There are 2 protein chains.
Amino acid sequence: MTRQEATHTQRIPLNKDRVLRTAVALADATGIDALSMRRLAQELDVVPMALYKHVANKEELLDGMADAVVGEIDPPASGPDWQRVVRGRILSARRVLLRHPWAARVIESRTAPTPAVLAYLDSMAGSFRDGGLSADLTHHVMHAMGSRLLGFSQELFDTSDPSGPPDPALAAHYPHIAELAATAAHDEGSTVGGGCDDQFEFEFALDLLLDGFEGLRRQGWTSARAKASHRP
Amino acid sequence: MTRQEATHTQRIPLNKDRVLRTAVALADATGIDALSMRRLAQELDVVPMALYKHVANKEELLDGMADAVVGEIDPPASGPDWQRVVRGRILSARRVLLRHPWAARVIESRTAPTPAVLAYLDSMAGSFRDGGLSADLTHHVMHAMGSRLLGFSQELFDTSDPSGPPDPALAAHYPHIAELAATAAHDEGSTVGGGCDDQFEFEFALDLLLDGFEGLRRQGWTSARAKASHRP
DNA sequence: ACCTGAACACCGTTCAAGT
DNA sequence: ACCTGAACACCGTTCAAGT
């Protein structure tokens with residue numbers, strides 16, 4: 001009996017939710033580049049054109065996948081400490097996006113923010129406002145959380161698998177990177193095979209920014225004042 | 001006379017550099033999605049297979065394009081104030097990536113960092129080291145500059161063209177975003193048509209992080225100490 | 001030895017013919 | 001009215017036939 005026949009016997013009616021869930025699972029398993037309408041249809045034991053009853057086109061499929069993933073992020077906890085609330089939410093988002101490595105790129109490729117992304121950002125802004133940050137400061141803070149300062153933001157140096165010994169030619173050409181790699185190698189605190197402790201690095205950046213935000217809040221920061229005294 | 005004939009009369013021999021420069025120009029003009037090997041060959045008045053003499057495949061073409069763009073970033077200035085040096089370099093990188101809106105996505109999609117990206121990161125790390133940051137602190141700082149805290153990093157709310165009045169339904173569903181949008185609209189400091197002052201937002205995040213780094217440097221920060229006293 | 005047309009194995013999507 | 005096979009206009013890349 002072929003696989004096709006086997007699945008046919010237990011055929012579930014197609015709906016948008018099942019299309020999206022299967023697409024997410026397929027992208028998790030095979031990567032986003034291998035996700036095609038035809039391949040997805042095959043996975044659902046359906047003729048390719050059947051998908052177009054539930055999504056207008058592939059862009060709408062990707063919109064739906066982005067929303068499905070963002071919907072997995074925990075809602076914000078409540079509590080008096082806004083830094084703690086925001087911190088927990090951000091770390092939840094990080095866990096979700098580590099589960100779906102293709103998702104960040106898909107979300108960033110949407111031309112307009114999707115509803116779940118808007119909801120996520122909205123409640124994030126709400127957490128800052130509840131913490132006593134002014135609307136103005138919250139605005140800047142939200143931008144700061146979304147910016148990529150180097151211009152691109154590949155989570156740098158994918159040293160998770162430093163296959164083989166460090167390349168001596170690389171060390172000669174890029175001495176500072178070699179030095180940083182050396183500090184990472186010494187520092188085998190919590191990771192298994194050497195390389196960087198990505199979780200630590202993430203929290204380092206997060207806490208630095210959150211502390212910076214809190215400092216500004218305490219000063220009663222307003223953008224007019226900051227702009228006036230801005231560096232030339 | 002067809003365009004093809006016209007170009008044929010002044011045919012320049014194909015080489016890798018010309019392939020890459022044309023590919024960058026084509027991506028600038030038509031977007032990265034419209035860049036295909038076939039379309040690029042047509043632009044160069046060449047049969048598609050001719051490209052494969054100069055790049056092994058499309059991935060290598062994208063590698064070369066990424067490197068060409070990163071190579072446009074100004075070298076670091078020298079000077080006693082490391083914050084000023086780093087700030088200037090980052091703003092140069094920002095200008096470059098604004099000129100090539102497709103480039104950030106292409107750089108992030110490379111599976112291994114390309115030589116120009118490594119050189120850029122290496123000299124950036126060098127600027128921190130020259131400024132007196134320890135190798136260990138420099139390591140964390142480099143990660144912080146490359147991290148995307150929200151999980152994704154679409155430069156948020158593309159409010160550059162808020163076509164039409166704010167959507168009242170949106171305001172009802174996403175009250176905090178609506179509030180932020182309102183503060184942006186009032187604050188027409190330097191942008192023309194309303195919306196966010198993206199340059200200000202970028203520098204806000206940059207300066208906040210740089211000030212945070214400097215604070216840690218002054219404290220003689222070491223990761224061992226920070227890890228020991230880390231929040232639970 | 002070099003170059004290149006045709007071909008292959010894919011895409012996303014349209015459309016007309018089938019039920 | 002709904003469903004779907006064939007077709008269209010693309011891809012990146014292989015390969016064999018041409019010079």
Side-chain angles (χ1 to χ4, degrees), chain A residues 2-5 7-20 22-27 29-66 102 105-106 109-112 114, chain B residues 2-5 7-20 22-27 29-66 102 105-106 109-112 114:
Chain A
T2 70
R3 197 174 134 286
Q4 180 131 1
E5 284 165 340
T7 324
H8 183 272
T9 61
Q10 48 171 17
R11 172 168 289 169
I12 320 162
L14 206 56
N15 57 45
K16 184 162 185 176
D17 200 68
R18 202 159 78 87
V19 169
L20 294 181
T22 306
V24 167
L26 192 57
T30 66
I32 194 71
D33 288 338
L35 180 85
S36 67
M37 298 297 277
R38 290 167 124 107
R39 178 77 183 73
L40 174 59
Q42 180 184 317
E43 193 73 14
L44 288 160
D45 260 316
V46 137
V47 84
M49 285 314 300
L51 297 176
Y52 287 81
K53 187 110 324 140
H54 303 97
V55 287
N57 48 39
K58 193 176 184 181
E59 285 301 293
E60 197 179 291
L61 175 74
L62 293 172
D63 283 347
M65 292 171 69
W102 49 270
R105 195 131 41 121
V106 167
S109 71
R110 303 303 82 207
T111 52
T114 54
Chain B
T2 69
R3 198 174 132 292
Q4 180 133 1
E5 286 164 336
T7 327
H8 183 271
T9 63
Q10 49 169 17
R11 172 168 289 167
I12 318 164
L14 206 58
N15 57 47
K16 184 161 185 177
D17 199 68
R18 202 159 79 86
V19 169
L20 294 181
T22 306
V24 166
L26 192 57
T30 66
I32 194 70
D33 288 338
L35 181 83
S36 68
M37 297 297 275
R38 290 166 123 106
R39 179 75 183 76
L40 174 59
Q42 180 184 317
E43 193 72 13
L44 287 160
D45 260 319
V46 137
V47 84
M49 284 315 298
L51 296 176
Y52 288 81
K53 188 112 322 141
H54 303 98
V55 288
N57 48 41
K58 192 177 185 182
E59 285 301 293
E60 198 179 290
L61 175 74
L62 293 172
D63 283 348
M65 293 171 67
W102 48 271
R105 195 130 41 119
V106 167
S109 71
R110 302 306 81 207
T111 52
T114 54

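Computation of the quantities below employed the complete heavy-atom set of this structure, encompassing side-chain atoms and omitting hydrogens, waters and symmetry-equivalent molecules. Computed from a predicted model, the values in this text were never measured in an experiment.
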Between B/Leu51 (CG) and C/dC2 (P), how many Å, whole number?
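It works out to 18 Å between those atoms.
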Next item on the list: Report the distance from atom NE2 of A/His54 to atom P of D/dT4, rounded to the nearest whole Å.
Entry: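 Rounding to the nearest Å, NE2 of A/His54 and P of D/dT4 are 11 Å apart.
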Notebook entry, point to check: What are the two closest heavy atoms between B/Ala23 and B/Leu35, and how far apart are they?
Noted result: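 What the structure gives for the nearest pair is O-CD1, 3.9 Å.
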With side chains defined as the heavy atoms from C-beta onward, is the minimum distance between A/Thr111 and A/Glu59 less than 4.5 Å?
->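 Side chain of A/Thr111 against side chain of A/Glu59, heavy atoms only: no contact under 4.5 Å found.
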Nucleotide forming a Watson-Crick or wobble pair with C/dT19, both distances under 3.5 Å: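 For C/dT19, the partner nucleotide comes out as D/dA1, under the 3.5 Å rule.
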Pair partner, C/dG12 [Watson-Crick or wobble, under 3.5 Å]: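 Paired with D/dC8.
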Side-chain ([X]) to main-chain ([Y]) donor-acceptor, under 3.5 angstrom:
X       : Y       : value
A/His54 : A/Val19 : no
B/Asp63 : B/Ala66 : no
B/Asp17 : B/Leu20 : no

Counting primed atoms, P, OP1 and OP2 as sugar-phosphate and everything else as base, the B/S/- map of nucleotides 8-19 of chain D against protein heavy atoms under 4.0 Å is ---BBBB-----
> So does B/Lys53 get a side-chain nitrogen or oxygen closer than 4.0 Å to the phosphate oxygens (OP1/OP2) of C/dC2?
Replying inline: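 The answer is no; no side-chain N or O of B/Lys53 sits under 4.0 Å from OP1 or OP2.
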Evaluate the side-chain contact (heavy atoms from CB on, under 4.5 Å) criterion for residues A/Lys53 and A/Leu14: first the C-alpha distance (whole Å), next the side-chain angles of each, then the deciding distance (0.1 Å), finally the verdict.
CA-CA 9 Å; A/Lys53 187 110 324 140; A/Leu14 206 56; over 6 Å; no
